[in-house]
Colleague: 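Pasting a structure below so you can have a look.
The sequence lines fix the lettering, A, B, ..., with proteins before strands; numbering per chain opens at 1. Note: hydrogens, waters and symmetry copies are ignored here, and every other heavy atom, side chains too, is used.
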Amino acid sequence: MSSLNPAQSQAVKHVHTPLLVLAGAGSGKTLAITHKLAHLVRSLYYTPESIYAVTFTNKAAREMKERAGKLMGEEAVRLNVSTFHTFGLNFIRQEYKALQLKRSFTLLDEDDSMAMLREAGNLGQLDKQVLFALRHEISNWKNALLTPEQAMAIAKDKDQQLAATAYAAYERTQRACHALDFDDLILLPAACLRDNLDIREKWQDKVRYLLIDEYQDTNGAQYELMKFLAGTRAAFTVVGDDDQSIYAWRGANPENLNILQQDFPKLQVIKLEQNYRSFGRILKCANTLIANNPHLFEKSLWSQKTYGEPLRVLSCKNDEDEAERVVNEIMMRKMRFNLNWKQFAILFRGNHQARLFEKALIEKRIPYKLSGGQSFFAKAEIKDVLAYFRLLVNEDDDAAFLRIVNVPRRDIGAVTIEKLGAYAQRRHGSLLPSSLELGIESELNGRSLTAVRQFAELIRRYAEQARKGDALEAVNELLKAIGYEGWLYEQASSPKVAQSRWQNVQDLVSWLGNHINHPQDPCDFEEAVNRLLLRDMLERSAEEDRNADEVQMLTLHAAKGLEYPHVYMVGMEEELLPHHVSIEEGNIEEERRLAYVGITRAQETLVFSLCKTRKRYGELVHCEPSRFLTELPVDDLQWDDQRNQSEEQKAQVREDRLAALKALLDD
DNA sequence: GGACGTTATCTTTTT
DNA sequence: GATAACGTCC
């Protein structure tokens, strides 16, 4: 406890009334939370099982567990540390009966959910963007804990009524398939606690103390869930920073910081304002920038660290030039100061920006890691195999059934599926079991019937093996039985493409295996699949080599919560940061917070880069410097325009590069 | 039903 | 410039 400053220590010890900790960037928030966990157990004799800590990312949850473990040892594993969604999943697995669900249900990711909505609402021809807006609207209703009926009742116009109708159809289909989307993982527990006094009392008794991290990112349903868990005892601490709210576009409601004060009048507010991360000048620039935003709570970050060098701004001719210069800079700095690659991070607004930097890094043989999570799960081969997993776990998962019933080709066409679907609907059953019923025999012709039944029997056979025997073996044998590798080669334009796709499938299977046989935390097949769908495994394996010495490349969104000695924020241009869509929507404040998050990642040096021209959608466009650069104090920026370099400077740069290259060769 | 060519459309992405 | 959705042809 001696390692804490007065504000941190106050935040740790305060337990008698609800507490809001306003934790500025780099203010030792995780340190305070983990000390609080230890304090509750060691000094106040809470059992670890009765403490629930909730985060937003798997990564944050894992880090919290790890750091709590270092502080309090063995007992830390008994703490309930999880993401909101994992908490919800565990809750539903315990209370599935009250929710009228089967024990085995499946999770839909964003794409699955969209596909189900299109199917359920008969929206086949609807434009993708309109469908997206519709899905968003449904999400909003779910986040407000509204049923389709309630949504219909408050619908203001014809469009909303149509949306509510689609919501109703979507929910019916979900029920029929025992499929939950990400929203349901929050919505169902919240509604369950609201509607069942006995369950509410049971959980309020279980949850003796509640901690919530990144509270500014909570949405309406998450807030309701939190309130029901906290109950009247209201033993909780929430930690947040309104300046780092960058997920409003995704339903997060930073107003929850304000509402808290109204809902809990006894709320105590503690501010953590000392920054332990960044050199003074970097912090000053961050403060100057964010001062342009309105604030819910005033706070001012300060640092005892040295002031540091001016922040440099690399003004480049074009985007290729930008990548080359940034990579050269990194290379030279590494050699000159004998640093590690992993001390450098390149931050950008959009994933597409990574391309050129990747190219430049590969050219120079510099190791790097690109954090881009979801593209892996968007790949068709991964979605196919996941659909097989889902169907093995839950044979009522019609969405998964439809996706793979003819993949690889089994000559099961639309007509057959339609007949089967109509039959299943009449019988109020799902597709796979329906195809094995006697009644279906009169509906389908012999060939179609055989094809569908063979498929259904195949799934049942391997599902049984997965349940009773070795799940990993079952999965591998299933993939062999359906000839998936061969199918990939058949489908792909070149063997190379097929090879990489098959590699993706193998990665997926090995992640599944790692999880099932995890040394500390083994689980059954069903849970492994669910964790896979909650994206928990990719990160886990990525984290295993987090000690690898690689330059880090990530989006500004992904960078939140992380820190690096040397940060390069690239593409500091109007239309990119702030993004043109945000400019059009007048949503500059969130973009400014995004820039703020980027700046506050830097510990020692920070370099911005921008271009005069850039290729966008294949066309060369002129770029203006980001307004955020002009909002920073002029004296702290050092503009470094390539065109203004003297011959002497250019010679120096060439010499430096040569030296760096030589050093690299020696390495 | 599937392969292939043409044409609009472009964020960020914890789960 | 890449992709996905759409239309056309076999």
Colleague: Which is more 5' along DNA chain B, the nucleotide nearest A:Asn406 or the one nearest A:Gly350? Just name the residue.
Modeller: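 That would be A:Asn406.
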
Colleague: Would you mind reading off the distance between A:Leu562 atom CG and B:dT14 atom C1', rounded to a whole angstrom?
Modeller: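 Rounded to the whole Å, the gap is 12 Å.
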
Colleague: Could you tell me how far apart A:Ile417 (CD1) and B:dG1 (P) are, to the nearest whole angstrom?
Modeller: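 Rounded to whole Å, this separation is 10 Å.
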
Colleague: Give the rounded distance in Å between these two atoms: CD of A:Glu619 and P of B:dA8.
Modeller: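 Interatomic distance, CD of A:Glu619 to P of B:dA8: 16 Å.
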
Colleague: Would you classify A:Asp217 as touching base, sugar-phosphate or nothing, given that sugar-phosphate means primed atoms plus P, OP1 and OP2, and contacts are heavy atoms under 4.0 Å?
Modeller: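 Here A:Asp217 touches the bases of the nucleic acid.
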
Colleague: Who pairs with A:Gln503 by side chain to side chain donor-acceptor pair (under 3.5 Å), at least two apart in sequence or on another chain?
Modeller: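 A:Gln503 satisfies side chain to side chain donor-acceptor pair (under 3.5 Å) with A:Asp507 only.
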
Colleague: Compare the aromatic ring of A:Trp249 with the six-membered base ring of B:dT11 and state whether they stack according to the 5.5 Å and 30° rule.
Modeller: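 According to the criterion (under 5.5 Å, under 30°), no, A:Trp249 does not stack.
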
Colleague: May I have the distance from A:Asp183 (atom CG) to B:dT14 (atom P), rounded to whole angstrom?
Modeller: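 Distance, rounded to whole Å: 15 Å.
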
Colleague: For A:Asn140, give me all partners under side chain to side chain contact (heavy atoms under 4.5 Å, CB included), at least two apart in sequence or on another chain.
Modeller: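 With sequence neighbours excluded, A:Asn140 shows a side chain to side chain contact (heavy atoms under 4.5 Å, CB included) to A:His136, given in chain and number order.
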
Colleague: Tell me the interatomic distance from A:Arg592, atom CZ, to B:dT12, atom C1', rounded to whole angstroms.
Modeller: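 Value for this atom pair: 17 Å.
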
Colleague: Measure CD/A:Glu584 against C1'/B:dT9 and give the value in whole Å, please.
Modeller: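 These atoms are roughly 14 Å apart.
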
Colleague: Evaluate the ring planes of A:Trp141 and A:Tyr167, with Trp represented by its six-membered ring, and classify them as parallel (under 30°), tilted (30 to 60°) or perpendicular (over 60°).
Modeller: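 Ring orientation of A:Trp141 relative to A:Tyr167: parallel.
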
Colleague: Is it the case that A:Asp184 and A:Gln174 place a side-chain donor and acceptor less than 3.5 Å from each other?
Modeller: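 The criterion, which ignores hydrogens and geometry beyond distance, is satisfied for A:Gln174 and A:Asp184.
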
Colleague: Would you mind telling me which of A:Ser245, A:Ser582, A:Pro294 makes a side chain to side chain contact (heavy atoms under 4.5 Å, CB included) with A:Glu589?
Modeller: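 Option passing the side chain to side chain contact (heavy atoms under 4.5 Å, CB included) with A:Glu589: A:Pro294.
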
Colleague: Specify the separation, in whole Å, of atom CD of A:Gln353 and atom P of B:dT11.
Modeller: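 Distance check: A:Gln353 CD to B:dT11 P gives 12 Å.
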
Colleague: With the criterion set at under 5.5 Å between ring centres and under 30 degrees between planes, would B:dT13 be stacked on A:Tyr247?
Modeller: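 Ring-base stacking flag not set for A:Tyr247 and B:dT13.
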
Colleague: Phosphate oxygens OP1/OP2 of B:dT11: is one of them under 4.0 Å from a side-chain N or O of A:Asn351?
Modeller: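 For B:dT11, OP1/OP2 do not have a side-chain N/O of A:Asn351 under 4.0 Å.
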
Colleague: Syn or anti: how is B:dT11 classified when any glycosidic angle within 90° of 0 counts as syn?
Modeller: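 It is syn.
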
Colleague: Regarding A:Thr55, tell me which of base, sugar-phosphate or nothing describes its non-hydrogen contacts under 4.0 Å with the strands shown.
Modeller: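 No contact.
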
Colleague: Can A:Tyr617 be called stacked on B:dT9 when the rule is centres closer than 5.5 Å and an angle between planes below 30°?
Modeller: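 No, A:Tyr617 does not stack on the base of B:dT9.
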
Colleague: In whole angstrom, what separates A:Leu131's CG from C:dA4's C1'?
Modeller: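 After rounding, the reported distance stands at 15 Å.
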
Colleague: Answer yes or no as to whether B:dT11 has its base stacked against A:His579, where stacking requires a ring-centre separation under 5.5 angstrom and planes under 30 degrees apart.
Modeller: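 Ring-base stacking flag set for A:His579 and B:dT11.
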
Colleague: Would you say C:dG1 has OP1 or OP2 under 4.0 Å from some side-chain N or O of A:Lys615?
Modeller: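 True: A:Lys615 side-chain N/O within range (under 4.0 Å) of C:dG1 OP1/OP2.
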
